[in-house]
A.B. asks: 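Take a look at this one; I'll ask things after.
Remember, it's 1-based here, ligands and their atoms both numbered in the order they're listed.
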Amino acid sequence: MNRWRNRPDGSNWGDFGPSDQVGKMNLVTPERRRAAAAEIREGIAFCLSLPLEYPGYSERLSGTRKPPQLFAPGSYNSLSGPRNHDYSEVICDDGVVLCTQYSTQWDALSHYGRLFDLAGDGREQKTYYNGFTADDFIQPDQDGGPIALSLGIQNLATTCVQGRGVMVDLATAFGSGRRWVGYEDFMSAMDCQKVTVEPGDFLMIHTGFGHAVMEMGEAVDVDRLNGTGAVLDGADERLLRWIADSDVAVICSDNQAVEGFDVMGERQGTEMLLPLHDLCLFKQGIHLGELWYLSELAQWLAENRRNTFMLTAPPLRLTGAVGSPATPVATV
Ligand code: UVW
């Protein structure tokens with residue numbers, strides 16, 4: 001039974017079943033995986049992850065998200081003892097304190113929700129995709145939170161995240177400066193690059209932001225980054241409708257949030273800070289990948305007049321997490 005009486009306008013809640021926790025990943029069928037495998041013609045693979053310590057840290061850029069910190073949890077001394085051989089073996093372990101969404105990452109469907117009246121009785125509560133509520137979470141201010149008892153990233157991990165990637169290269173279409181890309185721009189880039197998407201495809205958006213991050217290394221220039229690369233305009237209703245109707249399974253970009261953050265209130269037409277997150281994570285169950293490194297793949301695809309490839313990009317199977325680092329691999 002559905003856990004809602006009202007579902008938000010433009011949502012697909014319930015369409016994949018009342019307990020569904022992976023949204024449009026349901027469209028990645030065995031047939032779609034076979035189509036993805038057919039994209040492997042050269043046998044060349046690309047690593048689509050930034051080094052996880054990138055972007056270089058600045059509070060202005062990353063807020064409370066911090067780069068990974070490695071530590072040594074201990075040694076194997078307890079294993080060393082007299083042995084009847086001449087080897088001196090040296091073994092290291094390490095641990096890591098990791099903000100799951102600092103660098104190349106997946107957003108789980110539990111990453112973004114909003115206040116919503118599920119029962120139609122005027123009582124709004126913190127709600128996520130498919131009507132899961134904050135009751136399914138340990139609240140962020142509790143020790144160890146937020147732990148997503150529903151919609152955690154482990155659900156995405158068990159789908160294996162393997163399918164056909166389709167690249168739209170906004171850096172080639174519009175250059176490397178900041179540009180808000182709405183429906184018209186997006187369609188013209190797709191037309192020009194002869195990109196077509198099928199239901200269940202993984203939509204990749206190259207903006208050049210990841211390339212700038214790589215060039216800067218640890219000496220991050222936030223003002224320069226803020227002026228780099230296209231961002232999708234989540235206030236453009238036609239773009240949002242196309243995303244929902246196209247039935248892409250996920251959207252991934254080399255920029256920070258796929259869409260632009262309208263912190264200065266420049267955009268007309270929406271009161272929300274992250275309307276594309278609202279459509280994708282809250283209403284449609286479309287996972288978002290952010291800060292991927294797409295530039296080498298985009299260049300190869302352009303040189304070889306292609307825009308499709310096989311993508312393999314599982315997150316960590318980290319139960320209860322609202323995001324995860326990833327080391328996505330494209331094979332052409
Ligand atoms: C926010 O910054 C809220 O999210 P994301 O990492 O998905 O852009």
A.B. asks: Could you pull out all residues at least two apart from D136 that satisfy side-chain hydrogen bond (donor to acceptor under 3.5 Å, both in side chains)?
C.D. replies: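 Listed in chain order: nothing, the list is empty.
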A.B. asks: Heavy atoms only: give me the nearest Q284-Y129 pair and the separation to one decimal.
C.D. replies: C-CE1, 3.9 Å
A.B. asks: So, for Y183 and W242, is the gap between ring centers shorter than 6.0 Å?
C.D. replies: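 Not under 6.0 Å, so no.
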A.B. asks: Side chains of N255 and E290: is there a donor and an acceptor less than 3.5 Å apart?
C.D. replies: no
A.B. asks: Ignoring hydrogens and geometry beyond distance, is a side-chain donor-acceptor pair present between E296 and H211 at under 3.5 Å?
C.D. replies: no
A.B. asks: Could you name the protein residues that come within less than 4.0 Å of ligand 1, counting only heavy atoms, and order them by chain and residue number?
C.D. replies: R65, Q105, D107, H111, Q256, A257, F261, L274, H277, E290
A.B. asks: Regarding Q162 and T312, is there a side-chain donor-to-acceptor distance under 3.5 Å anywhere?
C.D. replies: yes
